[in-house]
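Encoded as structure tokens, the structure appears first; notes follow it.
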Amino acid sequence: MPTLRIEPRQDSATGLFFLEVFLPAEAASPFVSTAPRYASAAAAEQDLIATLTATANRPRA
């Protein structure tokens with residue numbers, strides 16, 4: 001079963017945080033990155049969890 005790795009990073013230009021998602025977990029470069037818009041690494045991680053939860057709970061047509 002594939003696993004993923006999520007790493008918060010701080011943007012040096014803005015000081016804001018973003019997330020890098022690696023799939024598979026041992027990949028050298030990220031599969032996708034978010035925009036640097038979070039005040040903290042924890043806020044970035046919580047937003048990703050909320051997004052995944054909302055998407056998983058959305059009714060299917």
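Residue indices begin at 1 and follow the sequence shown.
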Fill in: Residue list, side chain to side chain contact (heavy atoms under 4.5 Å, CB included) with S29, at least two apart or on another chain
none
Worksheet item: Hey, mind stepping through L48 and T34 against side-chain contact (heavy atoms from CB on, under 4.5 Å) and telling me if it holds?
Response: CA-CA 9 Å; L48 179 63; T34 66; 5.7 Å; no
Under 3.5 Å, which donor-acceptor pairs link side chains of residues 9-26 to any protein atom two or more places apart or in another chain?
| from | atom 1 | to | atom 2 | distance (Å) |
| --- | --- | --- | --- | --- |
| R9 | NE | E20 | OE1 | 3.1 |
| R9 | NH1 | E7 | OE1 | 3.4 |
| R9 | NH2 | E7 | OE1 | 2.4 |
| Q10 | NE2 | G15 | O | 2.9 |
| D11 | OD2 | T14 | N | 3.0 |
| D11 | OD2 | T14 | OG1 | 2.8 |
| T14 | OG1 | L16 | N | 3.1 |

Item to complete: Scan residues 51-61 for pairs that pass side chain to side chain donor-acceptor pair (under 3.5 Å), counting only residues two or more places apart or in two chains.
Response: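 Listed once each, the pairs would be none.
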Worksheet item: Does anything in residues 32-45 pair up under salt bridge (charged side-chain N to carboxylate O under 4.0 Å, His left out), and if so which pairs, sequence neighbours excluded?
Response: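 Sorted result for residues 32-45: empty, none.
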